[in-house]
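First the structure, in the form of structure tokens, and then the observations on it.
In the text below, chain A, chain B and the rest are named by the order of the sequence lines, each starting its count at 1. Owing to the predicted nature of the structure, the values given are computational and were not obtained by experimental measurement.
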There are 2 protein chains.
Amino acid sequence: MPVGLRERKKQATRAALGEAAVRLAVARGVENVTVEAISAEVGVSPRTFFNYFDQRDDAFVMIDDELSERVRHAVLAAPAELSPLDAVRDALIAELVDVEARHGLWQLRAEVLRQAPHLLVRSLGAHTADEFGLATAVARRLHPATGDAGAPASGESADVTDAYDVDPAAVGLYPRLVAAMAGTAVRVAIEHWSTRSAEAFQPIFHSAFTQLAAGLPAPTAEDRGPVG
Amino acid sequence: MPVGLRERKKQATRAALGEAAVRLAVARGVENVTVEAISAEVGVSPRTFFNYFDQRDDAFVMIDDELSERVRHAVLAAPAELSPLDAVRDALIAELVDVEARHGLWQLRAEVLRQAPHLLVRSLGAHTADEFGLATAVARRLHPATGDAGAPASGESADVTDAYDVDPAAVGLYPRLVAAMAGTAVRVAIEHWSTRSAEAFQPIFHSAFTQLAAGLPAPTAEDRGPVG
DNA sequence: CTGAATTTTTTCATACCCTGCAATGTGTGG
DNA sequence: CCACACATTGCAGGGTATGAAAAAATTCAG
């Protein structure tokens, strides 16, 4: 894992592209930001943009692979007495607190998502890969031995949380549901929060997750909201 | 509501485009089906295609507005003693049974979704509008009077379930969660089912919904699936 | 039936997205 | 310094999507 100049430059370029994209989107609106403009802002060719992002919209959303991986790790490392759902919840809260704390690019990103709902869908709904990875982590948590049985005997095994080579059919319904519920909590919390910029995000998320994890019992007056 | 020749032809063209798209996708794979090919198959110009579908992918998915509306109606019309969640579940089951029964285009559509997961995401995830409409219906169910208080006094009021002009901020968190959970159950069930073509869809959906509505208690051995 | 009004389809032009490919430039490691 | 690996770039080309205006089809009144 060399962290040479090359790697640092790549990270810098990627970050610069993402930031430029978001800044431009806030300024002119998402649909008026071309790949050419983003690239020009950073000083690279449009072709290079696509070396970093598969699609234009990915630059606005900036799917954070490291964040996802930290969540998966946290789920696997959580105390055994925690239920799968609790493990996921705690892992997510830890990350979301972290994200909310950064009063920088994430603020702008939120602004962009508020303007362009379809990006919100893309960022959370469209990236089911994350959800599948999380489901796999949950499944591994439930089967501490089974998953590693077929692993290569060589010392250098791949990252346990790099679950993308797992057979989709091998992941049960329950882990999928846990991951999906968690993702749903995040998504709905963000959607709800985005219509109420005054409120803090964290309490909304906590409330959403708790209600979902309780199976959505009959609502209290407060849950209902002001209007039908 | 004149149902003249013009309207019938439009419906026919739309249906033909959707069907051609799906058939071609099954034959050559989704990514190898161009708008030009679809249009040629139907005998219209490529430009006309975009008069019917905003995006190419919409032709494969064929979002069924009528289905969504039936669900919303059913939720509003359900017996008062049913919880919101149960009302939604019953409405969805009724529709899904109906869909599964039609051994026609839906079979091919399912095949296409199995081949192209990103379309599945698009068809369900991208259609958060549906979810919002469902959430609004749930909210109305909880507030039978409030929502209509501000309605125009004129006799010709708009369809109660045409909820797209509702202020997003006016819908509470709970209705959103109910709609989102239902949508999640559908999505996960389809995803899970699409990896196991042998199993029937309905039991999977029922299981998914039930587990979600139970708050995902600790899993049984069967729920866990074979592998981590 | 005929002609005018309305709506849809089409043609044309245009901008942008995205992908291979080959050439060129820039870190890396010996 | 040299050879290698990797990143960037220009270019060519196919595909998506939209606007505007002409052309065709449907509707409707007389």
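Between A21(B) and F60(B), the shortest heavy-atom contact is O-CE2, 3.2 Å. Closest approach of I204(A) to E199(A), counting heavy atoms only: CD1-OE1, 3.5 Å. Of all heavy-atom pairs spanning V186(B) and L92(B), the tightest one is CG2-CD1, 3.9 Å. Considering all non-hydrogen atoms of both residues, Q115(B) and V26(B) come closest at NE2-O, 4.1 Å.
Contacts of N51(B) with the nucleic acid, taken as non-hydrogen atoms under 4.0 Å apart, include base atoms. Using a 4.0 Å heavy-atom cutoff across all strands shown, F53(B) reaches no nucleic acid atom at all.
OP1 or OP2 of dT8(D) sits under 4.0 Å from a side-chain N or O of Y52(A). For the OP1/OP2 pair of dT9(C) and a distance below 4.0 Å, the side-chain nitrogens and oxygens of T48(B) include no atom meeting the criterion.
With rounding to whole Å, F50(B) atom CZ is found 15 Å from dA13(C) atom C1'. The CZ-P distance, from R8(A) to dA7(D), rounds to 15 Å in whole Å. Spacing between atom CD of Q11(A) and atom P of dG27(C) amounts to 16 Å, rounded to whole angstrom units. In this structure, the CZ atom of F49(B) is 14 Å from the C1' atom of dT18(D), given to the nearest Å. Summarising the geometry, the separation between CG on D54(A) and P on dC18(C) is reported as 9 Å, rounded to the nearest angstrom. For the pair E7(A) CD and dC6(D) P, the computed distance is 12 Å after rounding to whole Å.
The residues R187(B) and E131(A) are annotated as salt-bridged, a charged nitrogen and a carboxylate oxygen being separated by less than 4.0 angstrom.
Residues passing the ring pair (Phe, Tyr, Trp, His ring centres under 6.0 Å) test with F49(A), sequence neighbours excluded: F53(A). Residues forming a side chain to side chain contact (heavy atoms under 4.5 Å, CB included) with R47(A) (at least two apart in sequence, or on another chain): S45(A), F50(A), N51(A). By the side chain to side chain contact (heavy atoms under 4.5 Å, CB included) test, R176(A) is found to be paired with F132(A), A135(A), P168(A), V171(A), V188(B), E191(B), H192(B), T195(B), residues two or more places apart in sequence or in another chain being considered. Partners of E36(B) by side-chain hydrogen bond (donor to acceptor under 3.5 Å, both in side chains), not counting sequence neighbours: none found. Under the side-chain hydrogen bond (donor to acceptor under 3.5 Å, both in side chains) criterion, Q11(A) pairs with E7(A), sequence neighbours left out. Every residue two or more places apart in sequence or in another chain was checked for a side-chain hydrogen bond (donor to acceptor under 3.5 Å, both in side chains) with S39(B), and none qualifies. Shown here are the side chain to side chain contact (heavy atoms under 4.5 Å, CB included) partners of A37(A), two or more places apart in sequence or in another chain: L24(A), R28(A), T34(A). With sequence neighbours excluded, the residues forming a side-chain hydrogen bond (donor to acceptor under 3.5 Å, both in side chains) with D98(B) are R102(B), listed by chain and number.
Across residues 12-21 of chain A, not one residue has a non-hydrogen atom less than 4.0 Å from an atom of DNA chain D. Of the residues in residues 23-37 of chain A, not one places a heavy atom less than 4.0 Å from an atom of DNA chain D.
A donor-acceptor pair is defined here as one N or O able to donate and one able to accept, closer than 3.5 Å; such a pair exists between the side chain of R141(A) and the backbone of V75(A).
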Mind listing the N/O atom pairs, protein and nucleotides 2-4 of chain C, below 3.5 Å?
none

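Across dC17(C), dT8(C), dA17(D), the shortest atom-to-atom separation from the side chain of K10(B) is found for dT8(C).
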- Message: For nucleotides 19-25 of chain D, give me one character per nucleotide, 5' to 3': B if any protein heavy atom sits under 4.0 Å from the base, S if the only such contacts are to the sugar-phosphate, - if neither.
- Response: BB----B
